[in-house]
Amino acid sequence: MRLSQTLLPTLKEDPVEAQVVSHKLMLRSGMIRQLGAGIYSWLPLGLRVLRKVENIVREEMDRAGAQEVLLPAVQPAELWQETGRWSKYGAELLRFKDRGDRDFCFGPTHEEVITDLVRHELRSYKQLPANFYQIQTKFRDEVRPRFGIMRGREFLMKDAYSFDLDQESLDNSYKQMFTAYQNIFKRCGLQFRAVEADSGAIGGSDSHEFHVLADSGEDAIASCDSCDYAANLEKAVAGGSPEAVPAGADMQKVATPEIKSIDDVAGFFNISADKTVKALLVQTDKGEFMLLLRGDHELNEIKAENYLDGDGFKLVEPGAVQKSTGVSVGSLGPVGATTPIIADNSLAGMSDFICGANEDGFHLTGVNWERDLPLPKFADLRNVQAGDLCSRCGAGTLRLDRGIEVGHVFKLGDKYSKAMQMTVLNQGGREQTPLMGCYGIGVSRIVAAAIEQNHDDSGIVWPIFLAPFHVEILLINPKEEAAAKLAEEIYEYLKARGIEALLDDRNERLGVKFKDADLIGAPLRVVIGGRGIKDGAVEVQSRHDGVAEKVAIDAVGDLLLKRAEDLLKGGV
RNA sequence: CGGGGUGUAGCGCAGUCUGGUAGCGCAUCGGUUUUGGGAACCGAGGGCCGGAGGUUCGAAUCCUCUCACCCCGACCA
C-alpha cells in the first residue's frame with residue numbers, strides 16, 4: 001500500500017476523550033474514528049488489523065471442524081419470545097419495529113437464530129456433532145460504553161454454536177473449542193489466561209473465560225500461586241473454613257452515635273474491620289433476606305443471586321431498609337432480626353464480633369453464634385481477596401489480576417434446544433433434544449487488547465501476525481530519483497513474495513514519517529535515501545528493539561524477506 | 001439510571017460572568033527557502049458559535065426547552 005494514496009489521518013496529540021492507551025493509539029494512528037457513543041468507523045489501517053484477527057480466528061475455527069455461516073443481524077421478536085429472552089434481556093437489547101409495526105432486535109447474540117436454523121435442517125443423530133460459527137457485527141446497548149473499541153456498543157464478534165447428542169460428546173466439542181481458543185490467542189501474540197466463569201445471562205453450566213492480562217482490564221481474575229486454579233472474581237471461591245474459636249466475651253450494647261460505616265465502627269472500637277460483621281438487606285421475588293459478611297469483605301451479588309435462586313435480585317435501598325426493619329442501614333444487625341439470614345462462610349468460625357444492634361445509634365460487641373443468636377445458614381457470598389487460601393489445592397494463596405475478556409466458552413445444555421423444540425432422531429428412532437455449547441470471541445476487542453500489551457511511548461509495536469504491514473518502506477524524499485526507484489523495487493519485490501509492505505512515498509518531512517512509522521508500528525522498517533544512498537546503503541530497523549543496521553542496497557530485498565519470514569515463522 | 005462536565009473552523013481551545021455581529025494554535029491550500037526524528041517565512045480559504053423557541057434595537061454571550069458527547073458512580077450499611 002502506498003501511503004500517498006491512503007487515508008491515514010495520524011494525530012500528534014492524545015485525544016482528550018481517550019482514557020486507555022489502546023484507545024489513544026488507535027485514534028492517533030488513524031485506525032478508527034468515533035461516530036457515536038460506542039460506535040466506530042474502521043479506517044484502512046485499522047481494518048487491516050481487524051481482518052488479520054478475523055482470519056486467524058477463521059483458520060483455527062475451520063481447523064477445529066466448525067462450519068462458517070452468516071446469520072442475520074436483525075432478528076424477529078418471535079424467536080426471542082420463544083426462549084423468554086425478549087422480556088428477560090433488558091435494555092441492552094436494541095429493539096425496533098419494521099413498517100408493519102412488528103418487533104425486531106439487532107442481535108447481541110445468536111442462540112435463537114442458530115437453533116431455529118438447525119431445528120429445521122438437522123433431523124438425524126448422524127448429522128451430529130455439528131458446530132456452526134460466524135464472524136459478525138453485534139450490537140449491545142451497554143450501560144456505559146467506554147475505552148473505544150474495547151467496550152463498544154457495536155462490535156465484531158465470532159460466535160459459534162455446537163450441537164451434540166449427549167453430554168460426553170458435548171464435553172468433547174467444548175474441549176475442542178477450548179484448544180482452538182488457546183491456539184487463536186497464542187497466534188495473536190497475546191499473554192492470556194483461561195479462567196472459570198459464571199455463565200451469566202446466556203445460561204448454562206460449565207464456562208470458561210479467556211482474559212488478556214492488562215492493567216486496564218475491566219475484570220478481576222483470581223489465580224492460585226501454587227496450582228492451576230484460576231477463576232474470575234464473580235466465580236472465584238476462597239478456601240479454608242476457619243476453626244470455630246470459643247466465645248470469650250459477653251454481649252454488650254454500646255452507644256455508637258454517628259457511627260455508620262464499617263470504617264467508622266472499626267475506628268470507634270479501635271479494632272480491625274475483620275472483627276466486625278456487616279448486614280445487608282436484599283430482596284428477590286421470594287422476599288427479603290439479610291446477608292451477613294465480614295466487615296472487610298465485599299458482597300458478590302452473582303453468588304448471592306445464585307444462592308437465593310429468585311428473580312429480581314437487588315440491594316434494598318437505604319430508605320426502604322428503614323421502612324422495612326425500622327432501623328437505618330448503619331445499625332442493621334442479625335441479633336433479633338426477623339428476616340431470614342444467610343451468612344458468608346467466613347463467619348462460621350467467628351466469635352466475639354461486633355455488629356449493628358438493630359437499634360439506631362447502637363452496636364453490639366462480643367456477639368457469638370448460638371449463645372446470642374441462632375446459627376444461620378452459611379453460603380459463599382463474598383468476593384475473594386488477594387491472599388485468600390486457594391479452594392482447589394488448599395495450600396496456595398490467591399492473587400488478583402486485571403484482565404480483558406476476549407473469549408468465553410459455555411456449555412449451554414438443552415436450555416435453548418428444549419425451549420425451541422429442536423430434536424433429532426437418535427439411533428433408536430426416538431426424538432432426542434441435542435445439547436448445545438456456545439463459544440464467543442471479541443474480534444474487535446482483541447485488536448484493542450493486543451495494543452494494550454504491545455506498545456511503547458512512541459506507538460504500537462505489533463506482533464507480526466496482527467501487524468497491518470510486515471515492513472514499512474520509509475522513503476526519505478520521493479524527489480530523490482535513485483532512492484525512489486530503489487524503494488519501488490523493494491516494494492514490488494516484497495509484494496511479489498507475499499510480504500505486506502507499506503511504502504511511505506509522501507512528500508513529508510523525515511521527522512513526520514518517522515513519527516508516523518513509530519505510531520503505525522510495522523515490525524520492520526527500511527529507511528531509503530539521504531546520506532545512506534550515496535554510500536550504496538539503506539537502513540533496516542526493528543520496531544521491537546529499535547536496533548538499526550546498515551545494509552548494502554543489493555542485499556536489502558533478500559534481508560527483509562528473510563527477516564519477515566523469520567518473524568512469521570517464530571510468530572513474534 | 002443518578003451526579004458532574006463539554007458542545008465555537010478538520011483537531012485542540014479562548015471569547016460567555018459584564019450582549020455590540022468571532023479569534024488563537026495546529027491542520028488545509030498557494031508560494032519561497034529548507035530536508036536523517038512532528039521545519040521557517042509570506043499569503044489564502046474555511047464557522048447560520050449543537051438544535052429550537054424566547055428576551056432585546058442587537059444574542060456565541062441572558063432565559064426556557066431539547067439533542068449529542070465525555071467523565072464519575074451505581075461493590076455501600
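The basis for the numbers below is simple: all heavy atoms, side chains too, and nothing from hydrogens, waters or symmetry mates.
Pair assignment for B:A60 gives none, since no Watson-Crick or G-U wobble pairing has each distance under 3.5 Å. In this structure, B:G43 forms a base pair with B:C29, meeting either the Watson-Crick or the G-U wobble geometry with both donor-acceptor distances under 3.5 Å. In this entry B:C24 has B:G12 as its Watson-Crick or G-U wobble partner, both defining distances falling under 3.5 Å. As the counterpart of B:U6, B:A68 is assigned, both hydrogen-bonding distances of the Watson-Crick or G-U wobble pattern falling under 3.5 Å. Across all strands shown, B:G73 pairs with B:C1; the Watson-Crick or G-U wobble distances both stay below 3.5 Å. Searching all strands for a Watson-Crick or G-U wobble partner of B:U34 with both distances below 3.5 Å returns nothing.
Between A:D518 and A:R525 there is a salt bridge, since a side-chain N of the basic residue sits under 4.0 Å from a carboxylate O of the acidic one. Under the 4.0 Å criterion applied to side-chain N and carboxylate O atoms, A:R2 and A:E488 are assigned as salt-bridge partners. Taking a cutoff of 4.0 Å between a charged side-chain nitrogen and a carboxylate oxygen, A:E209 and A:K235 do not qualify as a salt bridge. Between A:E549 and A:R563 there is a salt bridge, since a side-chain N of the basic residue sits under 4.0 Å from a carboxylate O of the acidic one. Salt bridge annotation for A:E472-A:R543: absent, with no cationic side-chain nitrogen under 4.0 angstrom from a carboxylate oxygen.
Distance A:R28 CZ to B:A27 P: 15 Å, rounded to the nearest Å. Rounded to whole Å, the distance from CG on A:L293 to P on B:C75 is 13 Å. When rounded to the nearest whole Å, the span between NZ of A:K12 and P of B:G25 equals 14 Å. Look at CD on A:E472: it is 16 Å from P on B:G37, rounded to the nearest Å. Atom CZ of A:R294 is separated from atom C1' of B:A77 by 17 Å (rounded to the nearest Å). One interatomic measurement links the two molecules: CG of A:D14 to P of B:C71, which rounds to 14 Å at whole-angstrom precision. Rounded to whole angstrom, the span from the CZ atom of A:R146 across to the P atom of B:C71 amounts to 8 Å. Atom pair A:L7:CG and B:U28:P shows a separation of 14 Å (rounding to whole Å applied).
For A:A37, the listed nucleotide lying nearest its side chain is B:C70; candidates were B:C75, B:C70, B:C13. Taking the side chain of A:E301 as heavy atoms from C-beta on, and the options B:G37, B:C75, B:C69, the nearest nucleotide is B:C75. Among the nucleotides B:G38, B:A77, B:G37, the one closest to the side chain of A:D516 is B:G38. In the set B:U35, B:A77, B:C69, B:A77 carries the atom at the smallest distance from any side-chain atom of A:K278. For A:V16, the side-chain atoms get nearest to B:G12 when compared with the rest of B:G12, B:C1, B:G37. Counting only heavy atoms from C-beta on, A:V143 has its side chain closest to B:A74 among B:A74, B:G37, B:G12. Closest contact between the side chain of A:N383 and the listed nucleotides B:C13, B:C75, B:G36 involves B:C75. The side chain of A:S261 has B:A77 as its nearest neighbour among B:G38, B:A77, B:G12.
Comparing B:U61 with B:G73, their P atoms are spaced 34 Å from each other, to the whole Å. Spacing between B:G25 and B:G45 at atom P, rounded to whole Å, works out to 15 Å. Separation of the C1' atoms belonging to B:C67 and B:G23 is 27 Å when rounded to the nearest angstrom. Using atom C1' as the reference point in both B:C24 and B:C49, the two lie 16 Å apart (nearest Å). Nucleotides B:U8 and B:G47 have their P atoms positioned 15 Å apart, rounded to a whole Å. B:A59 and B:G3 have their C1' atoms separated by 30 Å, given to the nearest Å. Rounded to a whole angstrom, the distance from the P atom of B:A9 to that of B:G46 is 15 Å. A gap of 14 Å separates the P atoms of B:U16 and B:U6, to the nearest Å.
No hydrogens or angles considered: nothing links the side chains of A:Y307 and A:D380 as a donor-acceptor pair under 3.5 Å. Using a 3.5 Å distance cut-off with no hydrogens or angles, the side chains of A:D274 and A:S272 do pair a donor with an acceptor.
Considering only side-chain N and O atoms, A:R509 lies nowhere under 4.0 angstrom from the phosphate OP1 or OP2 of B:U35.
Below 30°, between 30° and 60°, or above 60°: for A:F106 and A:F139 the angle between ring planes is above 60°, a perpendicular geometry.
Counting non-hydrogen atoms under 4.0 angstrom, A:E13 reaches nothing in the nucleic acid. Residue A:G356 is out of contact with every strand shown, counting any heavy-atom pair closer than 4.0 Å. Nucleic acid contact for A:G529: base, since at least one base atom lies under 4.0 Å from a heavy atom of the residue.
Toward the 5′ end of RNA chain B lies the nearest nucleotide of A:N507, the other residue of the pair A:N507 and A:L332 mapping further downstream. If you find the closest nucleotide of RNA chain B to A:L11 and to A:D263, the one lying nearer the 5' end belongs to A:L11.
Judged by distance alone, with hydrogens and angles left aside, A:E539 brings a side-chain donor or acceptor within reach of the base of B:G36, the pair sitting under 3.5 Å.
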